[in-house]
Amino acid sequence: ATCTHKDRNDALHPLWQSPLSIPGGSRQSPINIQWRDSVYDPFLKPLKISYDPTTCLHIWNNGYSFLVEFDDSTDRSIIVGGPLENQYRLKQFHFHWGAINEWGSEHTVDSKFYPAELHLVHWNAVVYPSFEEAVMEGNGLAVIGVFLKLGAHHEGLQTLVDALPAVKHKDTVIEFDVFDPSCLIPSCPDYWTYAGSLTTPPLTESVTWIIKKKPIEVDENQLEAFRMLLFTSDGEEEKRMVDNFRPLQPLMNRTVRSSFQ
Ligand code: SG7
Ligand code: ZN
């Protein structure tokens with residue numbers, strides 16, 4: 001069966017049924033990446049990723065997604081290069097996914113949705129004293145986006161999936177001491193980059209997006225484990241955590257650059 005944008009938007013989380021979904025900025029995210037309209041930039045450097053697995057702290061169900069949070073008090077887990085002028089520190093990663101495999105990603109490529117999308121959120125600790133301040137500034141954040149597609153079992157992701165039943169309800173946190181999220185990033189160096197925003201309130205236009213061209217493969221059971229999580233707290237009527245993505249935003253006067261030809 002074909003799935004239209006309307007079908008997908010009808011499924012939206014209450015967060016996006018409020019006026020907050022109409023911010024009226026000029027560099028909002030997510031966007032559709034039109035492959036043929038992206039512009040190869042030969043000056044874009046390769047992105048260098050260097051994470052220390054021991055900076056991993058815990059997993060938290062915040063009632064919208066689950067976040068894996070890192071100690072960002074030092075430069076132990078960082079990215080440099082790519083489109084970035086400074087090095088950026090890893091703060092957390094999280095995912096967005098759908099109720100079914102036909103949608104779930106925030107970004108699309110040539111209007112194609114993937115069933116899920118990983119976001120690794122970093123902040124510019126060279127220029128700003130805290131994450132909270134970086135969130136408010138144009139060059140404050142850098143988010144790596146990785147598409148998840150249905151395919152082979154993902155060994156690295158499974159460690160995380162095994163921990164999810166313990167954070168089923170909103171506002172639950174568990175220790176998650178050692179994890180290297182670089183196992184979730186495809187080794188193919190190709191990416192698209194554009195200037196955008198956070199995809200949840202406060203929707204600030206502070207994000208340099210770096211979207212990896214190549215998706216990672218995960219299996220059906222692993223996506224199903226995401227869909228077993230709940231938006232709701234223990235004791236409330238259970239609501240499955242699915243369709244936690246923001247609708248596509250207009251490109252406006254922006255260019256998507258590619259690191260590849
Ligand atoms: C998820 O996406 C959470 C948020 C995150 C938001 O809802 O990961 O993180 C926290 C701490 O609530 O917001 C400020 C921030 O990172 C938006 O992040 S995103 O634009 O990469 N999707
Ligand atoms: Zn996100």
Side-chain angles (χ1 to χ4, degrees), residues 12-18 20-21 23 25 27-31 33 56-73 77 79 84 88-98 103-108 113-125 128 130-148 160 164 167 170-173 176 179 181 184-185 191-212 215-216 226 229-233 239 241-249:
L12 287 186
H13 181 263
L15 186 60
W16 297 126
Q17 293 161 14
S18 71
L20 283 168
S21 52
R27 51 173 278 193
Q28 289 289 300
S29 295
I31 57 163
I33 296 166
C56 192
L57 295 175
H58 46 247
I59 311 179
W60 171 37
N61 178 336
N62 74 346
Y64 185 69
S65 183
F66 67 89
L67 318 191
V68 181
E69 297 193 295
F70 290 75
D71 175 2
D72 62 349
S73 62
S77 288
I79 56 170
L84 307 172
Y88 285 64
R89 271 185 208 170
L90 179 63
K91 164 88 174 165
Q92 51 104 336
F93 71 84
H94 62 272
F95 298 82
H96 303 263
W97 62 92
W103 61 67
S105 62
E106 293 209 302
H107 292 89
T108 56
F113 299 107
Y114 286 88
E117 185 173 335
L118 161 66
H119 289 158
L120 298 123
V121 181
H122 309 75
W123 62 285
N124 186 342
Y128 303 106
S130 68
F131 177 77
E132 287 67 29
E133 277 155 281
V135 163
M136 305 311 292
E137 305 297 334
N139 61 346
L141 303 180
V143 182
I144 301 177
V146 179
F147 295 115
L148 277 60
L160 201 56
L164 293 184
V167 291
K170 182 184 177 191
D171 297 327
T172 49
V173 186
F176 198 64
F179 186 74
L184 302 174
I185 304 175
Y191 62 85
W192 289 284
T193 184
Y194 78 96
S197 73
L198 289 173
T199 66
T200 66
L203 301 171
T204 42
E205 299 185 327
S206 53
V207 181
T208 300
W209 281 95
I210 301 166
I211 309 287
K212 298 287 282 187
I216 58 167
F226 285 13
L229 293 167
L230 300 176
F231 282 133
T232 47
S233 309
K239 278 222 292 284
M241 182 177 280
V242 291
D243 299 330
N244 55 354
F245 50 79
R246 187 188 194 198
L248 291 167
Q249 303 297 306

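Both ligands and their constituent atoms are indexed starting at 1 by order of listing. Model, not experiment: these values are computed from the prediction.
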Has ligand 1 got any nitrogen or oxygen that is less than 3.5 angstrom from a nitrogen or oxygen of [X]?
X      : answer
Thr199 : yes
His119 : yes
Glu69  : no
His94  : yes

Between Trp209 and His119, ring centroids under 6.0 Å: yes
His119: which N/O/S atom is nearest the Zn ion (ligand 2)? ND1
What part of His96, side chain from CB on, backbone N/CA/C/O, both or neither, has a heavy atom under 4.0 Å from ligand 1? side chain
Region of Leu198 that comes within reach of ligand 1 [heavy atoms, distance under 4.0 Å]: both
Of the protein's non-hydrogen atoms, which lies at the shortest distance from [atom], and what is that distance?
atom                    : value
atom 4 (C) of ligand 1  : Gln92 NE2, 3.8 Å
atom 11 (C) of ligand 1 : Leu67 CD1, 3.6 Å
atom 6 (C) of ligand 1  : Thr200 OG1, 3.0 Å

Please report the C-alpha distance between Phe147 and His107 in whole Å, then the side-chain angles of each, then the deciding distance to 0.1 Å, and finally whether the side-chain contact (heavy atoms from CB on, under 4.5 Å) criterion is met. CA-CA 9 Å; Phe147 295 115; His107 292 89; 3.8 Å; yes
Do Arg246 and Leu203 touch side chain to side chain, with heavy atoms closer than 4.5 Å? yes
Could you please spell out the steps behind the side-chain contact (heavy atoms from CB on, under 4.5 Å) verdict for Val167 and Trp60? CA-CA 7 Å; Val167 291; Trp60 171 37; over 6 Å; no
Intermediate values then yes/no, side-chain contact (heavy atoms from CB on, under 4.5 Å), Trp103 and Phe245: CA-CA 10 Å; Trp103 61 67; Phe245 50 79; 3.6 Å; yes
May I ask you to list the atoms of ligand 1 that are less than 4.0 angstrom from any heavy atom of [X]?
X      : result
Glu106 : 22 (N)
Asn62  : 3 (C), 12 (O)
Tyr64  : 7 (O)

Nearest atoms (heavy-atom pairs only) where Gly63 meets Phe231: O-CD2, 3.3 Å
So Phe226 and Phe95, would you call those rings parallel, tilted or perpendicular, with 30° and 60° as cut-offs? tilted
Does the plane of the ring in Phe176 sit parallel, tilted or perpendicular to the ring in Phe179? Use 30° and 60° as the thresholds. tilted
